[in-house]
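Below is one structure; the comments refer to it alone.
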Amino acid sequence: MAASSNSSLSGSSVSSDAEEYQPPIWKSYLYQLQQEAPRPKRIICPREVENRPKYYGREFHGIISREQADEILAGVEGAYILRESQRQPGCYTLALRFGNQTLNYRLFYDGKHFVGEKRFESIHDLVTDGLITLYIETKASEYISKMTTNPIYEHIGYATLLREKVSRRLSRTKNESRKASVTSEENTPVEKVHTFRGPHWCEYCANFMWGLIAQGVRCSDCGLNVHKQCSKYVPNDCQPDLKRIKRVYCCDLTTLVKAHNTQRPMVVDSCIREIEARGLKSEGLYRVSGFTEHIEDVKMAFDRDGDKADISASIYPDINIITGALKLYFRDLPIPVITYDTYSKFIEAAKISNPDERLEAIHEVLMLLPAAHYETLRYLMIHLKKVTLHEKENFMNAENLGIVFGPTLMRPPEDSTLATLNDMRYQKLIVQILIENEDVLF
C-alpha cells in the first residue's frame with residue numbers, strides 16, 4: 001500500500017484553543033509495520049477453468065485440494081489463489097501464503113467479497129488488508145494488547161472541553177435534590193465503523209489505525225476516531241461537535257442539548273416562551289391545528305437559524321402555528337421524550353388502580369429517564385399546568401392535554417398499530433397525571 005504524507009495525520013477534531021490543546025505525539029510503530037507487510041501476489045491459473053464464477057478472475061484454479069494449492073503457492077510470501085472445495089462443491093476458498101505456511105479461508109460473496117466482517121470490492125483489496133492484519137497481529141500482538149494502557153484521550157481537547165463544559169453546565173443547574181437523583185445516563189453516542197482515507201491515528205491511544213478499510217470507528221456526535229477495541233474505553237458522555245449537527249428537528253434530544261450546552265432543546269424554550277407570552281387564553285390551545293405549511297416554515301427556521309429563529313407575532317400571528325411546531329418537534333424525535341426503554345414501565349404504572357401507588361410508580365419510572373429527557377418533560381409539564389390554569393378561556397384541562405400529548409410524548413418501541421391503539425388511554429392518563437402532579441413528581 002502506498003504511503004501517504006504524514007503532514008495531515010494529526011487532523012483531529014479537537015479544541016482549537018492553543019492554550020488548552022497540546023498536540024499529541026502520534027506513535028509510528030504500527031504504521032511502520034503496515035509498510036513492511038507482505039504485498040499480495042496473485043498466482044494466475046495457466047489454463048481456462050470451466051464454470052468459473054463471474055466475480056472471480058484468473059486467480060481461480062477450479063476444484064483442487066489443499067495440497068495442490070500449497071504446491072502452487074510454492075512458499076512465496078503473500079501469494080494467493082482461489083479454489084473450489086473438493087469436499088463441498090460450490091464452496092470457495094482463499095488460499096494465502098503467510099508465515100511460511102498456507103492459510104485457507106472460506107470465501108463468500110454477496111456483491112462484495114468477505115471472509116469475516118469486512119467487505120471488499122475486490123479480492124486484491126481483501127488479500128492486501130488480510131496480509132496487513134496478519135503481519136501486524138503477528139509482529140505486535142503484545143504491543144496491541146497494551147496500547148490502551150496509556151491513552152492520550154485524557155490529555156487532548158475532547159476530554160478537556162468535556163470537563164469544562166460539564167462543569168459549567170452543572171454549576172448552572174439549580175434545584176433540587178429530587179433532580180439530582182435522576183440517572184445521569186445519557187443516550188449513548190452512535191459509534192459507526194468507518195473507513196479512513198489515507199493514514200489515520202487513533203485519538204484514544206495515539207497508535208496507527210491499520211488496514212485498508214474499516215480501520216476503526218467514528219463517533220457520530222463528536223467525531224472522535226478510535227480503534228474498535230479502544231472505543232469501549234472512551235466515556236459515553238462526549239461533547240457533540242456542532243458542525244455535525246445539521247438540523248434541530250429529527251435530531252436526538254440528548255445530542256442536541258449537549259451540542260448546544262443547554263438544559264433543554266432551544267425549540268422547547270422558544271416556543272413555550274412565545275406561547276406563554278401571548279397564547280395561554282387562546283381557545284383550544286394545542287388542540288386546534290395551525291396551517292401545515294406555516295408550521296413547516298417554523299421548523300425550517302429552527303433548522304436554519306437555531307435559537308435565532310424569529311417566531312414572534314409579527315411573523316406568525318396565529319399562536320396555533322407555534323403550538324403545532326412544538327408538537328411536531330416532539331413527534332419528530334428519533335427517541336421520544338418518554339423513551340422506548342421506559343415506555344412499558346409507564347404503561348404498567350398507569351394500570352395501577354390505587355392512586356397513591358400509581359403516583360409512586362410513575363415517580364420511580366421518571367427517575368429512569370436520561371437527564372435531558374427528564375428536564376424537557378419537567379419543563380413542559382410546568383408549562384401545561386399553566387395552560388390548565390386558564391381553562392375557562394382556553395377550554396383545555398389536563399385530560400384534554402393528555403389526549404393531545406399522550407401519543408406525542410410516548411410511542412411503543414415496536415411499530416404496532418394494535419399496541420398503539422390499546423395503549424392510547426394509558427398514554428393520555430400518564431400525561432394527565434404528570435400535569436396534575438407536576439409539583440410532586442418533578
Check residues 406-413 and write down every donor-acceptor pair under 3.5 Å in which the side-chain atom is one partner and the other belongs to a residue at least two apart or another chain.
| unit_1 | atom_1 | unit_2 | atom_2 | d |
| --- | --- | --- | --- | --- |
| Thr408 | OG1 | Val404 | O | 3.0 |
| Arg411 | NH1 | Arg331 | O | 3.4 |
| Arg411 | NH2 | Leu333 | O | 2.7 |
| Arg411 | NH2 | Tyr340 | OH | 3.4 |

- Item | Pairing residues for Glu391 by the salt bridge (Lys or Arg N to Asp or Glu O under 4.0 Å) criterion, not counting sequence neighbours | none

- Task: Kindly write out the residues that satisfy ring-ring contact (aromatic ring centres under 6.0 Å, His included) with Phe346, not counting sequence neighbours, or none if the list is empty.
- Result: none

- Kindly say whether Gly211 contributes a backbone atom to a donor-acceptor pair with the side chain of Gln34 at under 3.5 angstrom? yes

- Task: Kindly write out the residues that satisfy salt bridge (Lys or Arg N to Asp or Glu O under 4.0 Å) with Glu296, not counting sequence neighbours, or none if the list is empty.
- Result: none

- Check the angle between the aromatic planes of Tyr233 and Tyr204 and answer parallel, tilted or perpendicular using the 30° and 60° thresholds. parallel

- Query: Is any side-chain heavy atom of Asp269 less than 4.5 Å from a side-chain heavy atom of Thr262?
  - Reply: no

- How about Gln229 and Ile144: do any of their side-chain heavy atoms sit closer than 4.5 Å? yes

- Given side chains that start at C-beta, do those of Ile433 and Leu359 come closer than 4.5 Å, heavy atoms only? yes

- Message: Holding to salt bridge (Lys or Arg N to Asp or Glu O under 4.0 Å), I want the full list of residues that pass it with Lys139, two or more places apart in sequence or in another chain.
- Response: none

- Under 3.5 Å, is there a donor-acceptor pair between the side chain of Glu84 and the main chain of Gly90? yes

- Where at least one partner belongs to residues 304-316, residue pairs that pass side chain to side chain donor-acceptor pair (under 3.5 Å), sequence neighbours excluded: Asp310-Ser312, Ser312-Ser314

- Message: Here's one to test your reading of the geometry: is the NZ or CZ of Arg264 within 45 degrees of the ring axis of Tyr379 and under 6.0 Å from its centre?
- Response: yes

- Sort and list the pairs that fulfil salt bridge (Lys or Arg N to Asp or Glu O under 4.0 Å) and have at least one residue in residues 118-133, not counting sequence neighbours. Asp110-Arg119, Lys112-Glu121, Lys118-Asp129

- Message: Quick check against the 3.5 Å criterion: does His194 have a side-chain atom that pairs as donor or acceptor with the backbone of Val217?
- Response: no

- Query: Do Met147 and His227 have side chains that get closer than 4.5 Å, going by heavy atoms?
  - Reply: yes

- Query: Among pairs that include at least one residue of residues 108-151, which meet ring pair (Phe, Tyr, Trp, His ring centres under 6.0 Å), considering only residues two or more places apart or in two chains?
  - Reply: Tyr29-Tyr143, Tyr55-Tyr109, Tyr56-His113, Phe108-Phe114, Tyr109-His113

Could you list the donor-acceptor pairs under 3.5 angstrom formed between side-chain atoms of residues 279-294 and any protein atom two or more places apart in sequence or on another chain?
| unit_1 | atom_1 | unit_2 | atom_2 | d |
| --- | --- | --- | --- | --- |
| Tyr286 | OH | His383 | NE2 | 2.6 |

- Side chain to side chain, Met367 and Tyr374, heavy atoms closer than 4.5 Å: yes

- Message: Suppose we screen for side-chain contact (heavy atoms from CB on, under 4.5 Å). Which residues come up paired with Gln215, at least two apart in sequence or across chains?
- Response: Thr195, Phe196, Met209

- Item | For Lys345, all residues meeting salt bridge (Lys or Arg N to Asp or Glu O under 4.0 Å), sequence neighbours excluded | none

- Message: I'd like to know if the side chain of Lys228 reaches the main chain of Ala214, judged simply by a donor and an acceptor atom lying under 3.5 Å from each other, with no hydrogens or angles considered.
- Response: no

- Query: Is there a donor-acceptor pair closer than 3.5 Å between any side-chain N or O of Ser85 and the backbone N or O of Arg87?
  - Reply: yes

- Check: Val248 main-chain N/O paired with Asp303 side-chain donor or acceptor under 3.5 Å: yes

- Ser270 side chain near Phe302 side chain, heavy-atom distance below 4.5 Å: yes

- Message: Assess whether a salt bridge exists between Glu438 and Arg378, defined as any Lys/Arg side-chain N lying under 4.0 Å from an Asp/Glu carboxylate O.
- Response: no

- Message: Quick check against the 3.5 Å criterion: does Thr133 have a side-chain atom that pairs as donor or acceptor with the backbone of Gly130?
- Response: no

- Apply side-chain hydrogen bond (donor to acceptor under 3.5 Å, both in side chains) to Arg66 and list each qualifying residue two or more places apart in sequence or on a separate chain. none

- Main-chain N/O of Val440 paired with Asn437 side-chain donor or acceptor, under 3.5 Å: no

